[in-house]
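I have placed the structure first, in the form of structure tokens, so that the comments after it can refer back to it.
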Amino acid sequence: MMVLTLPDGKQLNAEASQTYSDVIAQHLPFLTKKALAVKVNGEEFDLSRTVDQSGNLEVLTFDSEEGKEVFWHSSAHVLAQAIKRIYPRAELTFGPVIKNGPGFFYYDIYLEDKISEDDLPRLEEEMQKIVQEKLPVSREVYERSKAIEEFKAMGENFKAQIIAEIPEGQTISVYKQGDFQDLCRGPHVPNTGSLGHFKLTAISGAYWKGDTANPQLQRIYGISFPDKKQLTAHLDLLEEAKRRDHRKIGRELDLFSFQEEGPGFPFYHNKGSILFNNLSAYIREQCTLRGYEEIRTPIMLSDELWVRSGHMANFKENMYFSTVDNRGFAIKPMNCPGSNLVYKTKMRSYRDLPLRQAELGTVHRHELSGVLHGLFRVRSFTQDDAHIYCTAEQLEDEIQGAIEFTTDVYKKFGFNEINTFIATRPEKAMGSDEVWEKATNGLINALTRKGLTYGIKEGEGAFYGPKIEFNVKDSIGRNWQLGTIQVDFSLPDRFELEYIAEDGKKHRPVMIHRAILGSLERFLGIIIEHYEGKFPLWIAPVQVRILTVTPAQEAYAQELKKIFLKAGIRSEADTSNEKIGYKIREWTSQKINYAVVIGAKEAEESKVALRKLGEQESETISVDEFISRLQSEIAG
RNA sequence: GCCCACAUAGCUCAGUCGGUAGAGCAUUUCCAUGGUAAGGAAAAGGUCACCAGUUCGAUUCUGGUUGUGGGCUCCA
């Protein structure tokens, strides 16, 4: 007799001869349909397994992350089965569940025939058929040599290789469903009928084990949901994301462009430039309020500096170089070395610390051509960077201040759901364990004191110190990684940074690198998509468009423009020879916050007919009233 | 950088089975003088990304270059 404890503390008795399906059918009938697999004492099993231990039992359904993984992993198997039915010569390789990318799962196959996007509907159909066939999924444990032999006999040479590489002592399991079998750790859903609706979302090339020297594989990405409605909802979300694509909106609203002459180097048009400047001004203002000093360091600095900073050793492939007067220079890929040179221009006292040096620094990084992507991934960008020099004792307070600063800024943009991660010591790292532990604890304590929960990204810290990463969720639920706070014990050493402490002796300060928006370019791209180009008034490049009903109001329109300019309101006038309906349409498509329509009546009485973007009604008010309303809205 | 796809007017896209191209929108001009999501007409606008090759002839076929898009870590 086994005793299983559910997450809510309820206990069930089970016979050793029973399977987990039996247990669920007997004790938890409401879960019979939804159950995909079980987790017993932290380990996941198929429902068809017999109960062989007492302990904690969790029934995995699509509602949990782990349940989704099982669902998607089984979906990948169905994809593979469909591929094998249509392309019997295809050889299977890997078919994992993924966290980011164009699908929830993919399957990499080796096949000489090219599969094209046009072939995907046929595969989807076959997958749907496999679900309707309700094939039971069974698990078998194999002995290594037998498994290799069998997969080789099936022509699955990649699978045979994978099996050969499985570490000694690990169980080799094979899952079968109908005419299909695949090597897999599992667990899987009990029956292909437990799966739902599929959509194959992308097809691309990949390499065996990600190495370009290896054979080229074809990768098919897919998504799946138990419910057709959920699938439709997700496809709608993808459509929505397409509508919000910052590259498209950037062109439509005349914000920025890219030119062949500068791949990866954005050109800001006037309106994009205003947005950029507004972001910068906001960050400057906030930095000043929080006791930061602003500096500006050169774009190009001599090679020796980059040797000293370690960038030549660690970052060279991403840097641009130049030779001037027979001396080597590098264009800065980061701002920290320049900031350190400023630090060293005078003897610093402990009374100067913490010294918070901010820089809106434009850096250049040579990214691989294939990864460039609108404003999200560029080769030249401006960071809202800052370097805080402080004593070890001040570290935690400074980190806490930086956290508060960061979350305040995100909230200003309506990013209310913020997730934080701590990236810990990587394998290759500088500094003693003790120092790392202290720094990591400093980060954890600061987060805890702010009442923030955090995830751990094991081994993902920088080589010179641990970091906090901030993630935000945008208006359509997508996650973006934005700022980081990093503790650095290495650069102060390399640059021999010092301050005179109370004891009259020289000490080494600790350095914190922090960026909130990260890259202004990327951040701008994110808020374009987040707001769908409908920026809040305070940051909008154009806040009001003046629309004349007839050309007779042109003079009044120009007068209003001047008045608005003086009042600090960004406006433009549409005095074109078009009907008002046409102008309203244009104004709407430009997503400008307000329209003021002026006809003969308004011009006569110094009034405006005000209409807000997204609203149908307009309201006639005096110019003064309009200005004071806008000013108070801008002030927030 | 690698793989696949794409590159035709400012934008979105047709088209040419090899005989140098077209629409809608935008632009300009004219008419209409208008009240909250497209009034009408006309004109102008292209070395069909770039460089070679094949051909009597290439925007079209072939190769290369550049740029753009989707991928290229997830692990049986």
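Fair warning: this is a prediction, and the values are worked out from it, not measured in the lab.
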Taking the same atom, [atom1], in [N] and in [M], what whole-Å distance lies between them?
{"N": "B:U62", "M": "B:A5", "atom1": "P", "value": "12 Å"}
{"N": "B:C50", "M": "B:U68", "atom1": "C1'", "value": "15 Å"}
{"N": "B:U55", "M": "B:U59", "atom1": "C1'", "value": "15 Å"}
{"N": "B:C51", "M": "B:U8", "atom1": "P", "value": "16 Å"}

State whether a side-chain donor-acceptor pair under 3.5 Å links [X] with [Y].
{"X": "A:T548", "Y": "A:K583", "answer": "yes"}
{"X": "A:Q218", "Y": "A:Y87", "answer": "no"}
{"X": "A:Y142", "Y": "A:E150", "answer": "yes"}

At under 4.0 Å between heavy atoms, what does [X] touch on the DNA or RNA strands: base, sugar-phosphate, or nothing?
{"X": "A:L372", "answer": "sugar-phosphate"}
{"X": "A:L183", "answer": "base"}
{"X": "A:G599", "answer": "base"}
{"X": "A:V97", "answer": "sugar-phosphate"}
{"X": "A:K601", "answer": "base"}
{"X": "A:A609", "answer": "base"}

Just compare [options] and give me whichever is closest to any side-chain atom of [X].
{"X": "A:A600", "options": "B:A37, B:G35, B:A76", "result": "B:G35"}
{"X": "A:I162", "options": "B:G70, B:A76, B:A37", "result": "B:A76"}
{"X": "A:V597", "options": "B:A76, B:G35, B:U68", "result": "B:G35"}
{"X": "A:R185", "options": "B:A76, B:G35, B:C74", "result": "B:A76"}
{"X": "A:I166", "options": "B:A76, B:C72, B:C75", "result": "B:A76"}
{"X": "A:H373", "options": "B:A37, B:G70, B:G35", "result": "B:G70"}
{"X": "A:R611", "options": "B:G39, B:U33, B:A37", "result": "B:A37"}
{"X": "A:K579", "options": "B:C72, B:A76, B:G39", "result": "B:G39"}
{"X": "A:R219", "options": "B:U36, B:A76, B:C72", "result": "B:C72"}

- Query: Whom does B:C50 pair with, Watson-Crick or G-U wobble, provided both distances fall under 3.5 Å?
  - Reply: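 When the pairing criteria are applied, B:G64 turns out to be the nucleotide that pairs with B:C50.
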- Pairing partner of B:U27 (Watson-Crick or G-U wobble, both distances under 3.5 Å): B:A43
- Message: Using heavy-atom distances to pick each residue's nearest nucleotide on RNA chain B, tell me which of A:I584 and A:H366 is more 5'.
- Response: A:H366
- Task: Please confirm whether A:K68 makes a cation-pi placement over A:F62, using NZ or CZ under 6.0 Å from the six-membered ring centre and within 45° of the ring normal.
- Result: yes
- Task: Measure from NZ or CZ of A:R49 to the centre of the six-membered ring of A:Y20 and say whether it is under 6.0 Å with the direction within 45° of the ring axis.
- Result: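 Judged by the rule, A:R49 and A:Y20 form no cation-pi pair.
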- Query: For A:Y107 and A:D182, what are the C-alpha separation, side-chain angles and deciding distance, and is it a side-chain contact (heavy atoms from CB on, under 4.5 Å)?
  - Reply: CA-CA 12 Å; A:Y107 217 110; A:D182 193 3; 2.6 Å; yes
- Item | Euclidean distance, atom NZ of residue A:K99 to atom C1' of B:C75 [Å, nearest integer] |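 About 11 Å, once rounded to whole Å.
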- Item | Side chain A:Q218 and base B:G71 donor-acceptor under 3.5 Å | no
- Query: Among residues 238-263 of chain A, which residues get a heavy atom nearer than 4.0 Å to RNA chain B?
  - Reply: A:R247, A:R251, A:E260, A:P263
- Message: Under 4.0 Å from OP1 or OP2 of B:C74: is there any side-chain N or O of A:Y221 that close?
- Response: no
Restricting to nitrogen or oxygen on both sides, can you table the protein-nucleotides 40-44 of chain B pairs closer than 3.5 Å?
none

- Item | Stepwise side-chain contact (heavy atoms from CB on, under 4.5 Å) check, A:V78 with A:F198 | CA-CA 10 Å; A:V78 171; A:F198 303 96; 4.1 Å; yes
- When the ring planes of A:H188 and A:H77 are compared, do they come out parallel, tilted or perpendicular, using 30° and 60° as the limits?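 Correct class here is tilted.
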